[in-house]
Asker: 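Here you go, one structure.
Everything quoted here is computed from the prediction, not taken from an experiment.
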Amino acid sequence: MEDGVSTYTVDEALVSMGFGKFQAFVLAYAGMAKISEAMEMMLLSFVGQSVQAEWELSAQAESLITSVVFVGMLVGAYSWGIVSDNYGRRVGFNFTAIVTGGAGLLSAFAPNYLSLIMLRFMVGVGLGGGPVLSSWFLEFIPAPNRGTWMVIFSAFWTIGTIMEASLAWAVMPGFGWRWLLAFSSLPSFALLLFYPLTLESPRYLCMKGRTADAVQVLETMARLNRVALPSGHLMSGHRMELHEITDSSETSQLLSAKKTNIAAHASKSEIGGRNAILKLLSPNLIRSSLLLWTVFLGHAFLYYGLVLLTSELSHGNKICGSEGAVTTQTNHSNDANLYRNVFITSFGEVPGLILSAAIVDKIGRKLSMSTMLYISCLCIAPLMVPQTESLTTIFLFGARVCISASFIVLHIYAPEIYPTAVRATGVGFASSIARFGGILCPLVAVGLVHACHQTAAILIFITVMLVSGVAVSYFPLETSGRKLSDHIAA
């Protein structure tokens with residue numbers, strides 16, 4: 001109630017509507033983007049070694065095929081976050097789909113190594129917009145079951161990894177890596193097909209002061225869900241949320257939200273852009289931001305490193321072990337065991353998904369992540385010495401379960417700790433920092449293993465797991481069950 005007039009917020013409207021047909025469409029659309037991203041990332045397990053064999057590349061040149069994608073994602077994650085905070089979530093993810101799909105398809109026709117590197121870089125730029133879809137989906141979900149629905153949203157990544165492993169198994173032996181690149185670009189074009197049906201985030205519209213547009217979106221949602229909006233007028237929350245960024249305590253946030261003398265801080269220019277980056281380093285956000293960057297960096301290194309290890313450990317053991325047959329390198333891309341092992345370890349994300357869904361709201365985000373990271377150390381430690389192919393697959397399966405579960409929870413936690421005004425920028429910037437982990441992991445998972453330094457490679461993975469687990473424990477805020485407007489820690 002404000003000045004005798006009944007009002008409601010976006011959060012209250014979402015809670016009153018629940019999860020209906022409209023949210024199901026948003027879930028399916030954002031999920032398709034997640035599938036596209038997973039397929040483009042998983043194909044790196046197959047394409048690098050196939051191109052190396054066909055074009056007779058060095059191990060460093062093979063590593064660059066993977067690393068350059070993460071360099072592109074580093075650029076894209078930062079750029080698309082700012083674009084979506086300034087011009088809207090829809091504009092952001094529309095251009096990411098165009099860039100990803102177009103560059104992905106063109107890379108299938110790359111005539112030489114240099115053109116392939118340039119096109120895969122552009123694919124990475126497009127993939128860097130993944131956090132935009134996550135923020136968009138998050139802002140349509142009611143708070144009480146947000147964690148559960150975000151885990152379900154993450155399931156589309158698992159679907160994408162399994163689809164890509166299956167596609168590679170079916171396509172690579174008979175048709176080669178170019179067909180795999182072409183088929184893997186198709187989900188991005190599906191996003192463009194259904195783009196006209198998407199709506200802008202009502203929370204974002206309120207933050208921009210476009211309350212009338214936000215009401216139209218909420219009315220459309222309510223009509224599709226066959227429910228009624230709360231009575232009264234929609235109260236734009238942009239003043240309150242922007243003020244939360246500059247206050248240092250939760251108590252003062254709640255009290256100051258009612259004040260009217262902060263209008264100067266609510267200008268549209270403060271939403272997104274360079275000002276948003278500066279707010280990530282403000283006194284009440286700098287601890288969360290720095291820790292989040294550290295944990296994102298570690299998780300990206302671990303997750304994509306484990307994906308590459310699945311193929312590289314087996315390949316490295318053949319080169320460095322008693323078998324020592326260099327000729328196996330040329331046949332590696334068509335090795336049925338490779339596709340089988342990647343397919344099996346990809347299914348490790350299914351129990352990881354179930355596990356994260358079971359614990360994310362019950363024991364909290366922080367404890368979920370740290371526990372999974374420590375268990376992953378136990379899973380991967382036996383690989384410090386060469387194991388049989390079966391044992392290697394089992395240990396990597398266990399590590400993949402834990403890291404995927406922790407990564408899923410991290411992607412839920414990250415957008416929850418930032419206010420709407422800087423959410424896409426904050427998550428996008430953290431995601432861009434994570435790409436350094438993706439850039440470095442091929443040097444360890446490919447370079448060290450190829451150089452017969454498996455023990456050193458595994459020790460580096462264990463160290464990153466431990467450091468990430470400790471960093472998680474120092475996060476100042478547990479976000480489980482909290483409203484998005486209360487996500488500033490003192």
Asker: Verify ring-ring contact (aromatic ring centres under 6.0 Å, His included) between Phe93 and Tyr29, making sure each step is shown before the conclusion.
Answerer: CA-CA 11 Å; Phe93 62 68; Tyr29 188 88; 5.7 Å; yes

Asker: For Leu280, is there any backbone N or O sitting under 3.5 Å from a side-chain donor or acceptor partner on Ser289?
Answerer: yes

Asker: Enumerate, atom names and distances included, each donor-acceptor pair closer than 3.5 Å involving a side-chain atom of residues 295-307, sequence neighbours excluded.
Answerer:
unit_1, atom_1, unit_2, atom_2, d
His299, ND1, Val295, O, 2.9
His299, NE2, Ser406, OG, 2.6
Tyr303, OH, Trp157, NE1, 2.6
Tyr303, OH, Glu349, OE1, 3.4
Tyr303, OH, Glu349, OE2, 2.2

Asker: Measure from NZ or CZ of Arg90 to the centre of the six-membered ring of Tyr195 and say whether it is under 6.0 Å with the direction within 45° of the ring axis.
Answerer: yes

Asker: Let me confirm one number: the CG-CG distance from Leu191 to Leu133, rounded to the nearest 0.5 Å.
Answerer: 7.0 Å

Asker: Has Gln454 got a side-chain atom pairing as donor or acceptor with Met384's backbone, closer than 3.5 angstrom?
Answerer: no

Asker: So among Val409, Val401, Leu355, Ile403, which one has a side-chain contact (heavy atoms from CB on, under 4.5 Å) with Met372?
Answerer: Leu355

Asker: For the residue pair Leu353 and Ser154, what are the closest heavy atoms and their distance?
Answerer: CD1-C, 3.9 Å

Asker: Looking at side-chain heavy atoms only, is the closest gap between Leu27 and Phe137 below 4.5 Å?
Answerer: yes

Asker: From Ile375 CD1 over to Ile380 CD1, what is the distance, rounded to the nearest 0.5 angstrom?
Answerer: 14.5 Å

Asker: Anything under 3.5 Å between a donor and an acceptor, one on a side chain of residues 34-41, the other on a protein residue two or more places apart or in another chain? List them.
Answerer:
unit_1, atom_1, unit_2, atom_2, d
Ser36, OG, Ser188, OG, 2.7
Glu40, OE1, Arg120, NH2, 2.9

Asker: For Gly398 and Cys379, work out which heavy atoms get closest and say how close.
Answerer: C-SG, 3.7 Å

Asker: Rounded to the nearest 0.5 Å, how far does CG of Leu127 lie from CZ of Phe70?
Answerer: 9.5 Å

Asker: Would you name the heavy atoms of Gly364 and Ser368 that are closest together and state the gap between them?
Answerer: O-OG, 2.6 Å

Asker: Any side-chain heavy atom of Ser404 within less than 4.5 Å of one from Thr158?
Answerer: no

Asker: Looking at Ile363 and Leu367, what are the two nearest heavy atoms and their distance?
Answerer: O-CB, 3.7 Å

Asker: Ignoring hydrogens and angles, tell me if any N or O in the side chain of Ser67 forms a donor-acceptor pair with the backbone of Ile439 under 3.5 Å.
Answerer: yes

Asker: May I ask you to decide if Phe194's main-chain N or O and Thr198's side chain share a donor-acceptor pair within less than 3.5 Å?
Answerer: no

Asker: Aromatic rings Phe140 and Trp136: how do their planes relate, parallel, tilted or perpendicular, breaks at 30° and 60°?
Answerer: perpendicular

Asker: For the residue pair Cys402 and Leu373, establish whether any side-chain heavy-atom pair is separated by less than 4.5 Å.
Answerer: no

Asker: How long is the span from the CG atom in Leu181 to the CH2 atom in Trp179, to the nearest 0.5 Å?
Answerer: 12.0 Å

Asker: Please round to the nearest 0.5 Å and tell me the distance separating atom CZ of Arg287 and atom CG of Leu292.
Answerer: 13.0 Å

Asker: Please enumerate all residues that pass ring pair (Phe, Tyr, Trp, His ring centres under 6.0 Å) together with Phe475, with sequence neighbours excluded.
Answerer: Tyr413

Asker: Could you pull out the closest heavy-atom pair between Leu291 and Ala471, with the gap in Å?
Answerer: CD2-O, 3.7 Å

Asker: Let me see the working for Gln23 and Trp149 under side-chain hydrogen bond (donor to acceptor under 3.5 Å, both in side chains), right down to the final yes or no.
Answerer: CA-CA 10 Å; Gln23 282 84 357; Trp149 283 112; over 6 Å; no

Asker: Is there a side-chain contact between Leu138 and Phe153 in this structure, where contact means two heavy atoms from C-beta onward sitting under 4.5 Å apart?
Answerer: no

Asker: Is the side chain of Ser288 donor-acceptor paired with the backbone N or O of Leu285 at a distance under 3.5 Å, no angle test?
Answerer: no

Asker: From Cys441 SG over to Ile460 CD1, what is the distance, rounded to the nearest 0.5 angstrom?
Answerer: 11.5 Å

Asker: Tell me the closest heavy-atom pair linking Val427 and Pro415, and the distance in Å.
Answerer: CG2-CA, 3.5 Å

Asker: Please tell me if the side chains of Tyr113 and Leu64 come closer than 4.5 Å, counting only heavy atoms from C-beta onward.
Answerer: yes

Asker: Give a yes or no on whether the backbone of Glu139 and the side-chain of Tyr204 come within a donor-acceptor separation of less than 3.5 Å.
Answerer: no

Asker: Taking Arg178 for its side chain and Ala108 for its backbone only, find out whether a donor-acceptor pair lies under 3.5 Å.
Answerer: yes

Asker: I would like to know whether Phe156 and Thr161 meet side chain to side chain contact (heavy atoms under 4.5 Å, CB included); could you show each step before the answer?
Answerer: CA-CA 9 Å; Phe156 287 91; Thr161 61; over 6 Å; no

Asker: Heavy atoms, side chains only, cut-off 4.5 Å: are Phe347 and Val350 in contact?
Answerer: yes

Asker: Within the distance-only criterion (no hydrogens, no angle test), does the side chain of Ser107 pair as donor or acceptor with the backbone N or O of Gly104 below 3.5 angstrom?
Answerer: yes

Asker: Could you tell me whether the side chain of Ser282 reaches within less than 4.5 Å of the side chain of Ile286, counting heavy atoms only?
Answerer: no

Asker: Is there a side chain to side chain contact (heavy atoms under 4.5 Å, CB included) between Tyr374 and Leu378? Walk through the geometry before answering.
Answerer: CA-CA 7 Å; Tyr374 295 142; Leu378 300 178; over 6 Å; no

Asker: With side chain to side chain contact (heavy atoms under 4.5 Å, CB included) as the criterion, how do Leu116 and Trp55 come out once you've worked through the C-alpha distance, each side chain's angles and the decisive distance to 0.1 Å?
Answerer: CA-CA 12 Å; Leu116 178 64; Trp55 289 345; 3.9 Å; yes

Asker: Do Phe95 and Val91 have side chains that get closer than 4.5 Å, going by heavy atoms?
Answerer: yes

Asker: Should Leu105 and Phe189 be marked as a side chain to side chain contact (heavy atoms under 4.5 Å, CB included) after you check the CA-CA gap, both sets of side-chain angles, and the distance that decides it?
Answerer: CA-CA 10 Å; Leu105 181 61; Phe189 292 106; 4.2 Å; yes

